[in-house]
Structure formats: structure tokens, C-alpha cells
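Below, all heavy atoms of this structure are taken into account, side chains as well, without hydrogens, waters or symmetry copies.
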Amino acid sequence: MMMNKAKCSAAGVLLLASGFLQAAAPSGWLLAGGNPRNYETGIDSKTTFGGEPSAYLKTTSAAPEAPQGVQNFGTLMQMFNATKEYAGQRVRFSAYVKSDNVTDWAALWMRVDRKGSPTLSFDNMQNRAIKGTTEWQRYEVVLDVQADATAIAFGILLAKSGAVWLTGVKFEIVGASVPVTNMLAAPTAPQNLNFEK
């Protein structure tokens with residue numbers, strides 16, 4: 001499946017994005033993205049799921065269009081060292097997400113990096129994106145962390161306008177029976193040669 005390069009690059013290079021607004025994010029998280037000043041985040045004790053508070057990511061009330069050549073998206077994210085507990089493992093990032101008036105798309109995302117090399121594994125749910133207004137639903141991203149990986153980044157992204165809430169976040173090692181969702185993985189055989197679907 002071909003990926004929309006603009007959408008993939010929006011989340012795929014967000015650590016090289018124009019800025020981080022750490023002070024505005026919940027403890028341990030960063031507000032980043034192509035144009036993070038168009039977004040705000042925090043903890044919402046009123047929008048709960050299973051009795052737990054949520055974190056929100058939404059466009060500001062007066063969010064301008066992004067400058068030309070800049071992707072208009074924000075992300076609430078974390079990044080950590082992959083070399084100890086997670087290297088050589090398969091990991092799953094899952095969470096419950098609720099959305100309100102997402103005009104373009106939103107998604108969980110995760111990326112595995114190696115120092116000095118292109119991204120090793122990546123998924124931003126582009127093929128199963130969150131759109132519009134939705135109630136709480138569980139989503140997951142599963143990637144292999146290569147033995148020589150150096151960093152893992154993950155979070156939730158919001159493109160253009162709207163709001164999303166995130167709760168019930170889990171980051172865990174899973175077995176080989178759990179399928180990966182890696183968007184960079186090439187198919188292992190030719191696909192749909194007879195155009196039957």
C-alpha cells in the first residue's frame with residue numbers, strides 16, 4: 001500500500017519539527033509537531049474513561065494556518081532510550097481515544113530509530129485514522145524494536161483542527177503472535193494481481 005508522503009512525513013520526522021512546548025504538556029510528555037503553537041494540551045479531569053482522567057490535544061481557538069511548507073499538526077508525545085529493556089522485543093502502544101470534530105485526521109503513532117540511520121519501524125495509523133467525532137475506542141500500534149535500535153518515540157497526533165482525548169495508555173512487550181502494524185514493512189509476496197479487491 002502506498003503511503004501519502006505528506007502525512008507520513010508529518011509524524012515521521014516530528015522530532016525534527018519546528019519546536020517543543022514541554023511546559024504546556026502533562027508531566028513526562030512533550031507538545032511537538034509541525035506547528036505546535038497551533039495546539040494546546042493538558043489534563044482533563046472531567047473527560048474520563050473508566051474513572052481515569054484523560055490528556056487532551058486540541059487546536060487553539062485562534063489557530064492560524066501553518067506557514068507555507070510546514071505541516072499543520074500537533075502531537076502529544078514521549079521519546080525514550082530503547083537500548084535496555086526494549087531492544088530486540090516486540091512492543092505495543094495502546095490507548096483509548098475520544099475525538100471531537102477532527103477535520104482531517106488523528107491517530108496514535110510510534111517510531112523506532114537507530115542513531116545515524118533512517119527510521120527502522122513506523123506506524124501512524126494512516127490506514128485506520130481517527131476522523132470526525134467518536135466516542136471512546138481502544139487503538140493500538142505494534143512494532144518490532146530491532147536489537148540495535150537506540151530510541152522509541154510514541155504519542156497521539158492531530159492534523160489541522162479538532163480535539164482528541166487520550167487515556168488508559170499502555171506500553172508493553174508482547175509476543176510474536178501479536179501482528180505488527182509497521183507501515184514501513186514491505187509485503188512478503190505480490191498482492192492482488194487479478195484486481196479482485
Side-chain angles (χ1 to χ4, degrees), residues 1 3-15 17-68 70-79 92-111 122-143 153-172 181 183:
M1 175 180 173
M3 292 183 290
N4 179 306
K5 290 183 179 178
K7 287 184 178 179
C8 183
S9 65
V13 295
L14 40 92
L15 288 181
S18 59
F20 296 92
L21 301 177
Q22 188 170 13
S27 178
W29 295 80
L30 298 169
L31 174 59
N35 204 12
R37 286 174 177 75
N38 281 3
Y39 298 87
E40 60 185 57
T41 186
I43 297 171
D44 188 338
S45 59
K46 294 182 179 178
T47 304
T48 63
F49 181 75
E52 296 295 321
S54 61
Y56 65 87
L57 175 65
K58 63 183 179 179
T59 45
T60 59
S61 57
E65 284 295 313
Q68 187 172 1
V70 174
Q71 294 291 324
N72 198 6
F73 77 99
T75 180
L76 179 62
M77 62 165 288
Q78 295 189 26
M79 186 171 186
R92 175 169 57 203
F93 163 42
S94 63
Y96 287 88
V97 178
K98 177 179 178 176
S99 66
D100 182 50
N101 197 27
V102 173
T103 58
D104 195 5
W105 66 299
L108 298 183
W109 66 270
M110 181 165 53
R111 193 184 72 227
F122 174 74
D123 181 21
N124 66 359
M125 289 179 47
Q126 180 186 347
N127 57 354
R128 56 198 192 283
I130 302 164
K131 299 183 179 186
T133 299
T134 63
E135 290 303 316
W136 289 111
Q137 185 172 329
R138 183 182 177 276
Y139 300 92
E140 65 178 40
V141 173
V142 180
L143 295 179
F154 70 97
I156 186 166
L157 69 88
L158 174 62
K160 295 190 179 175
S161 63
V164 288
W165 290 262
L166 178 76
T167 195
V169 178
K170 290 185 179 178
F171 197 92
E172 56 195 334
T181 60
M183 295 174 70

Would you please name every residue forming a ring-ring contact (aromatic ring centres under 6.0 Å, His included) with Y56, sequence neighbours left out?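 ring-ring contact (aromatic ring centres under 6.0 Å, His included) list for Y56, sorted by chain: empty.
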
Set of ring-ring contact (aromatic ring centres under 6.0 Å, His included) partners for Y96, sequence neighbours left out: F49

Side chain to side chain contact (heavy atoms under 4.5 Å, CB included) between M183 and D123, intermediate numbers included: CA-CA 5 Å; M183 295 174 70; D123 181 21; 3.1 Å; yes

With sequence neighbours excluded, tell me which residues meet side-chain hydrogen bond (donor to acceptor under 3.5 Å, both in side chains) with S99.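 Once residues adjacent in sequence are excluded, the partners of S99 under the side-chain hydrogen bond (donor to acceptor under 3.5 Å, both in side chains) criterion are T134.
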
Using the test side-chain hydrogen bond (donor to acceptor under 3.5 Å, both in side chains), find all partners of E140 that sit at least two apart in sequence or belong to another chain.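 So E140 forms a side-chain hydrogen bond (donor to acceptor under 3.5 Å, both in side chains) with R138.
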
Smallest separation among heavy atoms of [X] and [Y], with atom names:
{"X": "Y39", "Y": "N72", "value": "OH-O, 3.1 Å"}
{"X": "L108", "Y": "M125", "value": "N-SD, 3.4 Å"}
{"X": "G74", "Y": "L57", "value": "O-CD2, 3.6 Å"}
{"X": "T59", "Y": "L158", "value": "N-CD2, 4.2 Å"}
{"X": "L31", "Y": "P36", "value": "CD2-O, 4.0 Å"}
{"X": "T167", "Y": "P53", "value": "OG1-O, 2.8 Å"}

State which residues pass side chain to side chain contact (heavy atoms under 4.5 Å, CB included) with N101; sequence neighbours excluded, sorted by chain then number.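 Applying side chain to side chain contact (heavy atoms under 4.5 Å, CB included) to N101 gives T103, T133.
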
When you compare the side chain of [Y] with that of [X], does any pair of heavy atoms fall below 4.5 Å?
{"X": "L166", "Y": "W29", "value": "yes"}
{"X": "F73", "Y": "N38", "value": "no"}
{"X": "I130", "Y": "Q137", "value": "no"}

Hey, which of W109, F122, F171 is the one that makes ring-ring contact (aromatic ring centres under 6.0 Å, His included) with F154? F171

One pair to check against side chain to side chain contact (heavy atoms under 4.5 Å, CB included): W165 and W136. What are the steps and the verdict? CA-CA 9 Å; W165 290 262; W136 289 111; 3.6 Å; yes

Suppose the criterion is salt bridge (Lys or Arg N to Asp or Glu O under 4.0 Å): which pairs have a residue in residues 50-60, not counting sequence neighbours?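 As it turns out, the salt bridge (Lys or Arg N to Asp or Glu O under 4.0 Å) pairs with a partner in residues 50-60, which skip direct neighbours, are E40-K58.
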
Tell me whether T75 contacts the main-chain N or O of A32 through its side chain, where contact means a donor paired with an acceptor under 3.5 Å. no

Kindly say whether L157 contributes a backbone atom to a donor-acceptor pair with the side chain of W105 at under 3.5 angstrom? no

Please evaluate residues M110 and R92 with respect to the criterion side chain to side chain contact (heavy atoms under 4.5 Å, CB included), reporting the C-alpha separation (whole Å), side-chain torsions for both, the decisive distance (0.1 Å), and the verdict. CA-CA 9 Å; M110 181 165 53; R92 175 169 57 203; over 6 Å; no

